[in-house]
Amino acid sequence: MDRRAAENLGKRSGGYQVGVYTANPFILLNWTDKLYSTFVLAHESGHAMHSWFAQQAQPSEYADAPIFLAEVASTFNENILTDYLLEKYQDDPKKLIFILEQYITGFIGTIYRQTQFAEFEDAAYKAEQKGQTLTADYLDQLSGELVNKYYGPAVEETGTRTQSWAYVPHFYMNYYVYQYATSWAVSTALSEAVWQHEPGALERYLDLLRAGGSDDPVTLLKHAGVDVTDSQYLERAFALFEKRLNQIEKLL
């Protein structure tokens, strides 16, 4: 591993992928030799795969995936990695607990928390359109109300309320965060089909990556086997989440 992948003072946090048409995609990340870093690498590799397959198959105007699909390939890779690790360490309860905790934390942080973030972002923009000045105090209050709404009375707040929103770079983009939640639910259905070797599932998934932005996202996902106009893909994601919760409760 290149030493420059390590965390360092002044280095941008997290990981991200950069794709330029006809050029190989690049992944930039921080590496810590922890399981979390492995999932970050899998996540960003999904973005790189999406960029590469789309750019190989589409002209430049259709090579970028629509925003609704932006996190499908990345979270698909995370789900496949989880399945791989659970199978590899199926006889090691301690490692299984660690892997399941990683998945459960990821699910909560993506499906629940990103939906909370999306509601915060939407409410903030609507308040601004009505003439509300978006001060830190106002955003603290709004964020705090949503934290309490999503996590309930059983979870106690720590730190400052500003820490719930001010450090999130995606809030400074245009309505980006909602599709982490939708993409995770979509990729759960897609990755389960591929992992279980359902006939044609892998090729349909690769066709989705190759399609880039050549059609609207609902149509592209239907070709891949997921109908986002129906709640079944969401129910499938929550059913898997419940299964993982039961697994870790049994192990504990």
Side-chain angles (χ1 to χ4, degrees), residues 14-19 25 27 29 35-58 63-88 99-100 102-115 176-215 217-228 230 232-241 243-244:
Y16 54 104
Q17 179 266 334
V18 179
I27 296 172
L29 51 74
L35 183 61
Y36 171 78
S37 288
T38 307
F39 274 89
V40 172
L41 178 59
H43 181 103
E44 299 304 330
S45 296
H47 286 308
M49 288 173 62
H50 206 164
S51 293
W52 191 87
F53 277 103
Q55 289 172 11
Q56 297 300 310
Q58 299 296 334
D64 291 332
I67 188 69
F68 194 80
L69 302 180
E71 299 295 338
V72 169
S74 56
T75 53
F76 176 96
N77 273 19
E78 289 190 64
N79 285 323
I80 289 292
L81 177 58
T82 298
D83 285 324
Y84 167 78
L85 292 172
L86 289 175
E87 183 176 285
K88 180 176 181 179
I99 296 159
L100 287 166
Q102 178 77 35
Y103 172 85
I104 291 165
T105 300
F107 190 99
I108 294 170
T110 304
I111 299 261
Y112 287 96
R113 192 160 184 250
Q114 297 296 339
T115 304
Y176 190 88
V177 294
Y178 78 91
Q179 44 73 46
Y180 278 110
T182 53
S183 291
W184 186 296
V186 166
S187 68
T188 295
L190 294 174
S191 61
E192 273 199 296
V194 170
W195 186 255
Q196 294 169 7
H197 302 288
E198 292 182 12
L202 177 57
E203 194 55 40
R204 287 194 300 270
Y205 175 67
L206 294 177
D207 284 344
L208 174 67
L209 300 187
R210 295 186 187 105
S214 59
D215 210 331
V218 174
T219 300
L220 293 176
L221 287 172
K222 278 188 177 179
H223 290 319
V226 177
D227 183 1
V228 292
D230 186 280
Q232 186 176 2
Y233 81 105
L234 293 168
E235 293 165 4
R236 186 169 184 174
F238 281 104
L240 181 60
F241 181 53
K243 177 184 175 181
R244 301 291 194 225

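As a basis for the values below, the full set of heavy atoms in this structure was taken, side chains included, without hydrogen atoms, waters or symmetry mates.
Checked against salt bridge (Lys or Arg N to Asp or Glu O under 4.0 Å), Asp83 has the following partners two or more places apart in sequence or in another chain: Arg244. Under the salt bridge (Lys or Arg N to Asp or Glu O under 4.0 Å) criterion, Glu203 pairs with Arg210, sequence neighbours left out. Listed by chain and number, the residues in a side-chain hydrogen bond (donor to acceptor under 3.5 Å, both in side chains) with Glu78 are His43 (sequence neighbours excluded). Evaluation of the side-chain contact (heavy atoms from CB on, under 4.5 Å) rule for Glu198 yields Ala193, Gln196, Ala201, Arg236 as partners, not counting sequence neighbours. For Gln232, there are no side-chain hydrogen bond (donor to acceptor under 3.5 Å, both in side chains) partners two or more places apart in sequence or in a different chain. Residues passing the side-chain contact (heavy atoms from CB on, under 4.5 Å) test with Gln55, sequence neighbours excluded: Tyr21, Ser51, Ala63.
Under the 4.5 Å side-chain criterion, counting only non-hydrogen atoms from C-beta, Gln179 is in contact with Thr182. You'll find the side chain of Tyr233 stays beyond 4.5 Å of the side chain of Thr188, heavy atoms only. Under the 4.5 Å side-chain criterion, counting only non-hydrogen atoms from C-beta, Asn77 is not in contact with Ser187. Put simply, the side chain of Leu85 reaches to within 4.5 Å of the side chain of Phe39, judged on heavy atoms. By the 4.5 Å heavy-atom criterion applied to side chains, Leu240 and Glu192 are counted as neighbours. Using a 4.5 Å heavy-atom threshold, the side chains of Gln102 and Tyr36 count as touching. Val194 has its side chain within reach of Phe76: a pair of non-hydrogen atoms, C-beta onward, lies under 4.5 Å apart.
For the atom pair CE (Met49) and OG (Ser74), the distance works out to 11.0 Å, reported to the nearest 0.5 Å. To the nearest 0.5 Å, the span separating CD1 on Ile67 from OH on Tyr176 amounts to 5.0 Å. Separation of atoms CG (Leu81) and CG (Leu35) is listed at 7.0 Å; rounding is to 0.5 Å.
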Item to check | Audit row: Phe53, Leu208, side-chain contact (heavy atoms from CB on, under 4.5 Å) steps and yes/no | outcome: CA-CA 9 Å; Phe53 277 103; Leu208 174 67; over 6 Å; no

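Ring planes of Tyr103 and Phe241: tilted class, angle from 30 to 60°. Using bins of under 30°, 30° to 60° and over 60° for the plane-to-plane angle, the ring pair Phe238/Tyr112 lands in the perpendicular bin.
Considering Asp227, Asp215, Leu69 in turn, Leu69 is the only one that fulfils the side-chain contact (heavy atoms from CB on, under 4.5 Å) rule with Leu221.
Closest non-hydrogen pair, Ser183 versus Phe68, comes out as OG-O, 3.5 Å. Minimum interatomic distance between Trp52 and Pro25 (heavy atoms only, all atoms of both residues): CD1-CD, 4.0 Å. In this structure, Val177 and Gln114 approach most closely via the heavy-atom pair CB-OE1, 3.5 Å. Closest approach of Gly212 to Leu220, counting heavy atoms only: O-CD1, 3.5 Å.
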